[in-house]
Protein chains: 2
Amino acid sequence: MQLDEMVETINEQWTDIYYLLHYVYDDNLSHQAIRLLQYIEKNEKATIGDLAKHLKVSHNTASEHTKRLMKKGLVTKRRSRTDERKVFVALTEKGRNVLYRHTRLDRDKLRKVLENLSPSDLEIIQKAFSVFSEGVKQCLR
Amino acid sequence: MQLDEMVETINEQWTDIYYLLHYVYDDNLSHQAIRLLQYIEKNEKATIGDLAKHLKVSHNTASEHTKRLMKKGLVTKRRSRTDERKVFVALTEKGRNVLYRHTRLDRDKLRKVLENLSPSDLEIIQKAFSVFSEGVKQCLR
DNA sequence: AAGAATATATCTTATAATAAGATATAAATG
DNA sequence: CATTTATATCTTATTATAAGATATATTCTT
């Protein structure tokens, strides 16, 4: 079918783009650590329990994950004022940068690629990403 | 500047799309393991030495990485016929699937999103990914 | 106010991943 | 035949990951 073919093609192009444009990571963060940072970025009021549920690990493991990330200066903790049992975990500036370096496209490489494209191609890309990301958000939220 | 702004916007949309469409991984592969599988996929004649160089680890570590992945059934090894000191590492079918589940967009989720878009939007997305991935390959190879 | 429930932290223990040095082996090269 | 190259293995060390047991503080319930 037409649509299945498009799914395949886009997936190949997607991974090609990421493979060639991703950052070269210097640090050595684990998969779980990235997932944690990612979840925290998208959910600003994430608690230890939320993280445990999301990563499907026990609460003590989530607590230790957070401790490790805090030791590395990637997240901070602050108690909730309305319920002082709860602890909100948030990204530090450094944490945000590290996360970006593990999930985003390398800014300089991306810029160089875009510089070599025509204005009309740029317009199409802009429009496509806008339509695509909107479609994703509407469809899955 | 206009282009820097576009770089930022695309990066945000890029990570939003990936965050919402990526597979839910059941296995727990390390970052290094994924990098290895990814390199092997893109470079079919990858040797242990190549992997060591690419991951910036010692040859014995690369050898052990490969051994672990082989034990999990994700890669195979075969000696070079022209130079029997060399060992080529290749992905198994299972390895390819695991890699896809860690780098690609979830096929079913992606399909559902595309189903909800208009034919003209689909066309724009198709064109954009084609232009973008081509641009990346030309610019960085 | 007392007891139950909730949220997190810590301690202990166990396993696996990661990494490198030392050493070994086999093949190719000069 | 000695040297270099490519990989494998053995040993050792560190760190990550994870869960159970237990502790503590806070909130909720009655």
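Labels below follow one simple rule: chain letters A, B, ... track the order of the sequence lines, proteins then strands, and each chain is numbered from 1. Owing to the predicted nature of the structure, the values given are computational and were not obtained by experimental measurement. Only this structure's heavy atoms are used, side chains among them; waters, hydrogens and symmetry mates stay out.
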*asked:* Taking the side chain as everything from C-beta on, heavy atoms only, tell me whether A/Thr61 gets closer than 4.5 Å to A/Leu55.
replied: no
*Go through A/Thr66 and A/Ser63 one step at a time and tell me if the side chain to side chain donor-acceptor pair (under 3.5 Å) criterion holds.*
CA-CA 5 Å; A/Thr66 310; A/Ser63 175; over 6 Å; no
*Can you find a heavy atom in the side chain of A/His65 that is under 4.5 Å from one in the side chain of A/Leu51?*
no
*Please examine the side chains of A/Glu8 and A/Glu5, heavy atoms only from C-beta on, and report whether any two atoms are closer than 4.5 Å.*
no
*First and last nucleotide of DNA chain C touching chain B, 5' to 3', heavy-atom cut-off 4.0 Å?*
C/dA17 to C/dA28
*What orientation do B/Tyr18 and A/Trp14 show, parallel under 30°, tilted 30 to 60°, or perpendicular over 60°?*
parallel
*NE2 of A/His54 to CD1 of A/Ile40: how many Å apart, nearest 0.5 Å?*
10.5 Å
_Heavy atoms within less than 4.0 Å of DNA chain C: which residues of residues 54-76 of chain A have one? Give them sorted by number._
A/His59, A/Asn60, A/Ser63, A/Glu64, A/Lys67
*Using a heavy-atom distance cut-off of less than 4.0 Å, which residues of residues 29-51 of chain B contact DNA chain D?*
B/Thr47, B/Ile48, B/Gly49
*For A/Lys42, which residues count as a side-chain contact (heavy atoms from CB on, under 4.5 Å) partner, sequence neighbours excluded?*
B/Asp16, B/Tyr19
Could you list all N or O pairs between the protein and nucleotides 25-30 of chain D that sit under 3.5 Å apart?
from, atom 1, to, atom 2, distance (Å)
D/dT27, OP1, A/Glu84, N, 3.0

*Does A/Arg101 use its side chain to pair, donor to acceptor, with the backbone of A/Tyr23 at less than 3.5 Å?*
no
*Considering only heavy atoms from C-beta outward, does the side chain of A/Glu12 approach that of B/Arg104 to under 4.5 Å?*
yes
_4.5 Å side-chain heavy-atom contact, B/Thr9 and A/Phe129_ = no
*Run through the side-chain heavy atoms of Ile, Leu, Val, Met, Phe, Trp and Tyr, join any pair under 4.5 Å, and report what else lands in B/Ile124's cluster.*
A/Ile124
*In Å and rounded to the nearest 0.5 Å, what is the OG to CD distance from A/Ser58 to A/Glu64?*
8.5 Å
